[in-house]
Number of protein chains: 2
Amino acid sequence: MTTIRGARERARTEVTAAIKDEARRQLAAEGAAKLSLRAVARELGMVSSALYRYFPSRDDLLTALIVDAFNAVGSAAEQALATADSAGPAGPPGPVDRWTAICTAVRAWALAHPHEYALIYGSPVPGYIAPQVTVAPASRVGLALISVASDAHHAGGIALPTLSPELRPEAERLAAQFAPGLPPEVTAALVAAWAQLFGLISFEVFGQFNEVVEARDELFTQSVRRLAHEVGLLATAGPTA
Amino acid sequence: MTTIRGARERARTEVTAAIKDEARRQLAAEGAAKLSLRAVARELGMVSSALYRYFPSRDDLLTALIVDAFNAVGSAAEQALATADSAGPAGPPGPVDRWTAICTAVRAWALAHPHEYALIYGSPVPGYIAPQVTVAPASRVGLALISVASDAHHAGGIALPTLSPELRPEAERLAAQFAPGLPPEVTAALVAAWAQLFGLISFEVFGQFNEVVEARDELFTQSVRRLAHEVGLLATAGPTA
DNA sequence: CTCAAGCGAGAGCAGTGCTCTCACAAACTC
DNA sequence: GAGTTTGTGAGAGCACTGCTCTCGCTTGAG
């Protein structure tokens, strides 16, 4: 896979990585709106036009950063789930704890990288339309949440939420498309919980809780457990028990 | 109050309104990032430097638009609550219906004004710090939600949610600061529901539901009723019954 | 060894927010 | 009513921005 193809290609990947690193630095310092190609080039000791050899436009640079951010938060979620499953001193964790592990990891990543979080879960850039390459990385967190519900379901550790008749067709469509084998009651609740989870995180990251909520850890933890309950997850019963 | 002070002041308020109108038009067309003072001035037939007589900087124009947006969504919420209370063919509406009226109105406003919504509930502008004048308009939706819970509580139509011991001190602080007379169990759940409500709306407005959720009306309605239930609101019992 | 491809430098275009000075006109004072 | 203060618009200019184009140099493949 990573066969060295020559000095030129190696230099190219190195410069590409350096550009993205510097861009990420400016992103963290000033935000996406003030990300300037010229400033990146200046900091890297090259001239602005040279950057266009690596990224055809500013939006393409942003796309690369968006994909990286989605992958970062996605792998944070996946790793949190993995370590929660492995480091079990008292047996395998229950579905609620697995759910909480993912949510907590996403929140921690968001608080550690607010500008990258804003890039992917904040206001969309006006003319910018997310290219197809972003959808797979973007769905990693959602898939992790689905897997928790799916494992719990197969282990019998799930209680079906109520589902209004109006929402049932949509729930069945969602189940068929994203979580085959999961009851529609669960998938509908899952999608809602997914959005509400990011509502909690966004309000904290974007400062809406400033001067309002102080004990944010505690509020988040309680809310996430409630969301798990809404989805139907039960505190007892390990994923494979 | 609005005594006409002379032609000069009248012209000033007129021009100020025209600038904000044109800026709002550009906001709706292109988004906040592409809002250009020069373009606004061009459209209004004046020179760019003249705009600085009315708004000291681009950020000040944005602040004015932000305040207007908060007031717009706030009054939409308040009016929705008022009409829900007045137009009752079958007696006064229950707390859940009052809650749903507010949430639905906020969502409708957000979908109708996506860029203004992004301005106030999306990623914060990097260097921009919300001045004090924004906090009162910003809290109107929250206050409307609180009033629904408060009315229900005084009418005995509320069921106390569970409250973890870790969150209790914060909940009591919130109750004392924002909703005197409301039980801490309710205020904690209320704040969480507030954030989760905007999570649902933001995911829809910002396109996170694209290619995922189709029946958004139904999902929103069910989720909002669940949130009302989480806060402790009961479907029965009118606000003053 | 040759030659096309990749690359950086530089100039340049159209646009941006913002500052400054200058001239004019309205509004207030005496 | 004359004179002065104050608000206002126009214009030039500064330091930026994203982006395009051309020009040479270097590199690696044929």
Side-chain angles (χ1 to χ4, degrees), chain A residues 2-20 22-27 29-66 115 119 125-129 131, chain B residues 3-20 22-27 29-66 119 125-129 131:
Chain A
T2 55
T3 50
I4 38 174
R5 267 290 204 177
R8 203 162 226 173
E9 288 198 12
R10 232 177 320 159
R12 181 165 236 286
T13 62
E14 266 180 36
V15 174
T16 305
I19 292 172
K20 286 205 291 183
E22 176 59 31
R24 229 182 318 266
R25 270 199 54 251
Q26 294 199 13
L27 203 71
E30 297 274 12
K34 302 213 168 179
L35 203 178
S36 147
L37 283 187
R38 290 181 117 107
V40 171
R42 206 181 305 131
E43 209 69 22
L44 261 51
M46 47 201 309
V47 87
S48 72
S49 58
L51 274 194
Y52 288 83
R53 302 278 181 194
Y54 299 89
F55 295 95
S57 77
R58 199 191 100 117
D59 278 6
D60 289 87
L61 214 194
L62 271 181
T63 298
L65 297 179
I66 286 171
H115 288 105
L119 203 58
V125 181
Y128 180 82
I129 295 168
Chain B
T3 50
I4 40 173
R5 268 291 204 176
R8 205 162 226 173
E9 289 198 13
R10 232 177 320 159
R12 182 166 237 286
T13 62
E14 265 180 38
V15 174
T16 305
I19 292 172
K20 286 206 290 184
E22 176 58 31
R24 228 182 318 265
R25 270 201 53 252
Q26 294 199 13
L27 203 71
E30 296 275 12
K34 301 214 167 177
L35 204 178
S36 147
L37 283 187
R38 290 180 118 108
V40 170
R42 206 181 305 130
E43 210 68 22
L44 260 52
M46 48 202 308
V47 88
S48 71
S49 58
L51 274 195
Y52 289 84
R53 301 280 180 192
Y54 298 89
F55 296 96
S57 76
R58 199 190 100 116
D59 279 7
D60 289 86
L61 213 194
L62 271 181
T63 298
L65 297 179
I66 286 171
L119 203 58
V125 182
Y128 180 82
I129 295 169

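Convention: sequence-line order gives letters A, B, ...; per-chain numbering from 1.
Computed from coordinates, the A:Arg42 CZ to D:dA15 P distance equals 13 Å when rounded to whole Å. A:Glu30 has its CD atom 14 Å from the P atom of D:dC16, to the nearest Å.
Here B:Phe55 lies out of heavy-atom contact (under 4.0 Å) with every strand. Note on B:Arg58: only backbone sugar-phosphate atoms sit closer than 4.0 angstrom, heavy atoms only; bases stay farther off. Residue contacts shown for A:Leu35 are limited to sugar-phosphate atoms, with no base heavy atom under 4.0 Å away. Using a 4.0 Å heavy-atom cutoff across all strands shown, A:Ser57 reaches sugar-phosphate atoms only and no base atom.
Residue A:Ala50 has its side chain nearest to C:dG8 when only C:dG12, C:dC7, C:dG8 are considered. Closest approach to the B:Met46 side chain among D:dC19, D:dG9, C:dG8 is made by D:dG9 (side chain taken as heavy atoms from C-beta onward). The side chain of B:Arg53 lies closest to D:dT8 when the candidates are C:dC18, D:dT8, D:dC16. With D:dG9, C:dT16, D:dG18 as the candidates, the nucleotide lying closest to the side chain of A:Leu37 is D:dG18.
The heavy-atom pair separating B:Ala23 from B:Leu65 by the smallest distance is CB-CD1, 4.0 Å. Between A:Met46 and A:Tyr54, the shortest heavy-atom contact is CE-CE1, 4.3 Å.
Between A:Arg38 and A:Tyr54, the residue anchored nearer the 5' end of DNA chain C, judged by the nucleotide with its closest heavy atom, is A:Tyr54.
Between A:Asp60 and A:Thr63, the side chains place no donor N or O within less than 3.5 Å of an acceptor N or O (distance only, hydrogens not considered).
The backbone N or O of B:Leu35 sits less than 3.5 Å from a side-chain atom of B:Arg58, completing a donor-acceptor pair.
In this model, a side-chain donor or acceptor of A:Ser49 finds a partner on the base of C:dG10 within 3.5 Å.
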